[in-house]
Amino acid sequence: MEISVLGGGFKQVITCLSHLPSLSSPSSSLPSTTRAKSSHLTSATPPLHKESQIEPTHVSVTPRKRYHSVAYKARQSAILEVQQSSDLGSALARLGDILKVQDLNVILRHFGKLCRWQDLSQLFDWMQKHEKITFSSYSSYIKFMGKSLNPIKALEIYNSIQDESVRNNVSVCNSVLSCLARNGKFESSLKLFHQMKQDGLRPDAVTYSTLLAGCMKVKHGYSKALELVREMECSRLPMDSVIYGTLLAVCASNNRCKEAENYFNQMKDEGHLPNVFHYSSLLNAYSADGDYKKADMLVQDMKSAGLVPNKVILTTLLKVYVRGGLFEKSRELLAELEDLGYAEDEMPYCLLMDGLAKSRRILEAKSIFEGMKKKQVKSDGYCYSIMISAFCRGGLLKEAKQLARDFEATYDKYDLVMLNTMICAYCRAGEMESVMQMMRKMDELAISPDWNTFHILIKYFCKEKLYLLAYRTMEDMHNKGHQPEEELCSSLISHLGKIRAHSQAFSVYNMLRYSKRTMCKALHEKILHILVAGRLLKDAYVVVKDNEGLISKPSIKKFATAFMKSGNVNLINDVMKAIHGSGYKIDQELFQMAVTRYIAEPEKKELLLHLLQWMPGQGYVVDSSTRNMILKNSHLFGRQLIAEMLSKQHARAKALISN
DNA sequence: TTAGGGTTAG
């Protein structure tokens, strides 16, 4: 009955196939609607080859291919049997001989599409073992490895390929590169790409498209993308609409608004029609600087081209309006989103609330929040975190606290953003107990505060004069890979200095020093004072040595005096050289102190002799009282040597005077 | 006959 609505060709195929028991069953089990839908297969255009191999029942609808050889039918039936078998191993043992490589590839792709990773690997291993494998087997298998998030395995497979023609096959290479790029290993994929080219790969447009897609998620992605585009141009590979799409997305994610616009126009000039995604990327680029005039024009242009703005387009437009401070227009657009059923979750509301809050229009944000709660919009708590921050920002701490409590009562699940928000709210409200409670919760969930929250916590602890707690928090922050702001470090260093936590102060100084941030000069001097006060003279020496020319003379004098008095005697000469090197003119008092230390420790006589020898070369000579002191104790050092050195210094002094 | 892209919102 159903068959009568179909063309005669299809009817005949059904009749013909029904002779084969294994093939007739899937077809007859189709519901009648599905069969009716399949009627397009009776049209003159043959179905995709791909499809025909996976579903042999739909094969050969064109009259020319209506009848197949027995061997062909046997293969098709074997493909189905292997695909449906519950014991792949035995199915392959039974049917492997009938199946050609291309049949096995069909099965391989079938498993991949259905995410049957176990079967996929088992089949691939079998194919390798029986040497029934082609480059397309590798290409498909590696692609699916990438989808199953196993880039290491994919790379292993690729590296194990011995046959050079397969290794350099462009589609195999593209698969590997795509697999690395999509699994966040963009740098590795670029490296491999260069290696592949050296080994003989001739990249095609797909190769470049793959690599360009990787540029989206990385830092400096835009400049990398430009390099790739230039390389493409040099190889005379034409741009197509896919590549333009990728490029636009790269521009958008790197805030390259002007460039996105240029590519968009270039694309149109070359005759490629932009689709919703192209528009969306460009619109997203506009949203970065809130250019609502351009955004409006673009959406208009899109409509004239016959495209209907979808949820993403309209939400992005809302973002543009919010960024541009057009709150009235934003409200109207939000209403439109609601009418279209595009505001079923909290996101568009949050966008607007956040924008209002950032413009200090807290009460307006609050009214949006209340409106969305009244409408019972689906929320996972994000709107709470926005409003709690908003209340904090507006100094409405009571409201913030109340909302935090509401949130705690409604949701028992905390996520990173919420915990950060709550900690910030409680810090602002001065609720130490609640802050600690939230921190414990973070600990339990193995979540760590974000950069901003760390700052707020540290500032809060400083305000409460809990400097050691602030220090431990900063240490934690540093260990988690965050770089604290210089100003915060500087103030914590001062506080720690005041409570005589000298080594902790030095540790904060070092966190800053070994980060890539620039440091203001005064900080070196500040830490130097703290270290000197704490008698951490060796550390102080390192600070002086590492910051030649950045420390004032009085500070150097203070340090040097402290060092000569009680620093490590073995480093006295080094300190002399360091302060001289930083342009400080060493005075007699310091020399006298140094000599006194050496006299007290005669076993260090080599050091004294070294100092005396070094002095004249730098224009220094000992004064008479130091000289007398040395002479008085010269038996400790060897009279002859001392006499020689002092006479050298004397000669130098005379020369200096006559000059 | 194999490989490629993409949108919003922490």
Side-chain angles (χ1 to χ4, degrees), chain A residues 48-53 101-102 105-106 108-109 112 134-144 146 166 169-179 181-182 201 203-217 225 228 237 239-253 260 272 274-288 298 302 307 309-320 322-323 337 342-343 345-355 379-386 389 415-421 450 452-453:
Chain A
L48 288 175
H49 190 41
K50 240 184 195 171
E51 200 177 329
S52 69
Q53 284 173 319
V101 184
Q102 61 264 40
N105 284 340
V106 168
L108 195 72
R109 287 193 292 273
T134 59
F135 73 88
S136 61
S137 326
Y138 281 101
S139 183
S140 298
Y141 186 59
I142 290 170
K143 174 178 101 173
F144 289 123
V166 178
N169 176 280
V170 68
S171 84
V172 174
C173 290
N174 289 345
S175 275
V176 181
L177 294 173
S178 153
C179 171
R182 82 161 72 213
L201 164 73
D204 63 5
V206 176
T207 318
Y208 286 103
S209 168
T210 304
L211 293 171
L212 281 169
C215 295
M216 229 154 5
K217 301 143 203 151
L228 290 165
L237 288 167
M239 303 275 281
D240 62 22
S241 126
V242 171
I243 293 189
Y244 275 117
T246 317
L247 212 43
L248 284 170
V250 172
C251 290
S253 63
H272 306 288
N275 63 22
V276 176
F277 291 104
H278 295 105
Y279 278 102
S280 172
S281 290
L282 183 55
L283 193 61
N284 196 26
Y286 288 152
S287 81
L298 189 69
M302 181 182 173
L307 294 170
N310 61 13
K311 182 179 167 182
V312 175
I313 294 279
L314 293 179
T315 313
T316 311
L317 190 60
L318 178 66
K319 190 175 118 187
V320 180
V322 170
R323 292 254 166 101
L337 280 161
Y342 290 163
D345 65 32
E346 62 184 335
M347 261 327 175
Y349 299 94
C350 290
L351 269 179
L352 182 50
M353 276 157 49
D354 197 42
S379 156
D380 55 8
Y382 177 43
C383 57
Y384 278 87
S385 89
I386 289 183
S389 308
D415 65 2
L416 171 84
V417 171
M418 203 57 212
L419 282 167
N420 279 312
T421 309
D450 64 18
N452 187 47
T453 307

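Excluded from the calculations below are hydrogen atoms, water molecules and symmetry mates; all remaining heavy atoms, backbone and side chain alike, are included. Since this is a predicted model, take the numbers as computed values, not measurements. Residue numbering restarts at 1 for every chain, and letters A, B, ... go by the order of the sequence lines.
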To the nearest Å, how far apart are [X] [atom1] and [N] [atom2]?
| X | N | atom1 | atom2 | result |
| --- | --- | --- | --- | --- |
| A/Leu298 | B/dT7 | CG | P | 17 Å |
| A/Lys311 | B/dT7 | NZ | P | 15 Å |
| A/Tyr286 | B/dT8 | OH | P | 16 Å |
| A/Leu307 | B/dG6 | CG | C1' | 14 Å |
| A/Met347 | B/dT8 | CE | P | 12 Å |
| A/Met239 | B/dG6 | CE | P | 15 Å |
| A/His278 | B/dT7 | NE2 | C1' | 11 Å |
| A/Lys217 | B/dG5 | NZ | C1' | 10 Å |

Nearest to the side chain of [X], heavy atoms from C-beta on, is which of [options]?
| X | options | result |
| --- | --- | --- |
| A/Val242 | B/dT8, B/dG5, B/dA3 | B/dG5 |
| A/Asp240 | B/dG4, B/dG6, B/dA3 | B/dG4 |
| A/Ser280 | B/dT8, B/dT7, B/dG5 | B/dT7 |
| A/Thr316 | B/dG6, B/dA3, B/dT8 | B/dT8 |
| A/Val312 | B/dA3, B/dT7, B/dG5 | B/dT7 |
| A/Phe277 | B/dT8, B/dA3, B/dG6 | B/dG6 |
| A/Met216 | B/dT7, B/dG4, B/dG6 | B/dG6 |

Discussion item. Taking the side chain as everything from C-beta on, heavy atoms only, tell me whether A/Met302 gets closer than 4.5 Å to A/Leu283.
Written reply: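 A side-chain contact under 4.5 Å is absent here.
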
Checklist entry - Heavy atoms, side chains only, cut-off 4.5 Å: are A/Thr315 and A/Met347 in contact? => result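 No - every pair of side-chain heavy atoms lies 4.5 Å or more apart.
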
(Q) Give me the atom names and distance for the closest heavy-atom approach of A/Pro348 to A/Tyr342. (A)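 Reported closest heavy-atom pair: CG-O, 4.3 Å.
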
**Message:** OP1 or OP2 of B/dA3 versus the side-chain N and O atoms of A/Ser139: is any pair under 4.0 Å?
**Reply:**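 So the side chain of A/Ser139 is outside the cut-off, no N or O lying under 4.0 Å from OP1 or OP2 of B/dA3.
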
| task | Would you please confirm or rule out a distance under 4.0 Å between OP1 or OP2 of B/dT8 and any side-chain N or O of A/Asn284? | result |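 Result: yes.
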
Heavy atoms under 4.0 Å, any strand shown: does [X] hit a base, just sugar-phosphate, or nothing?
| X | result |
| --- | --- |
| A/Ser241 | base |
| A/Tyr138 | nothing |
| A/Thr246 | sugar-phosphate |
| A/Ile243 | base |
| A/Asn275 | base |
| A/Thr315 | base |

Consider side-chain contact (heavy atoms from CB on, under 4.5 Å). Of A/Thr316, A/Leu314, A/Leu317, which one does A/Pro309 pass it with?
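Filter result, single survivor: A/Leu314.
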
Problem set entry | Side-chain donor/acceptor contact of A/Asp204 with base of B/dG4 under 3.5 Å |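 Per atom types, no contact qualifies.
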
Side chain of A/Thr210, base of B/dG4: donor and acceptor closer than 3.5 Å?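 By the distance-only test, no, there is no pair.
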
Between A/Thr134 and A/Ser137, is there a side-chain donor-acceptor contact under 3.5 Å, judged purely by atom types and distance?
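On atom types as modelled, these side chains qualify, holding a pair under 3.5 Å.
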
Checklist line | Distance-only donor-acceptor check, side chains A/Asp450 and A/Thr453, under 3.5 Å | finding: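 Looking only at side-chain atoms, A/Thr453 and A/Asp450 do form a donor-acceptor pair, the distance falling under 3.5 Å.
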
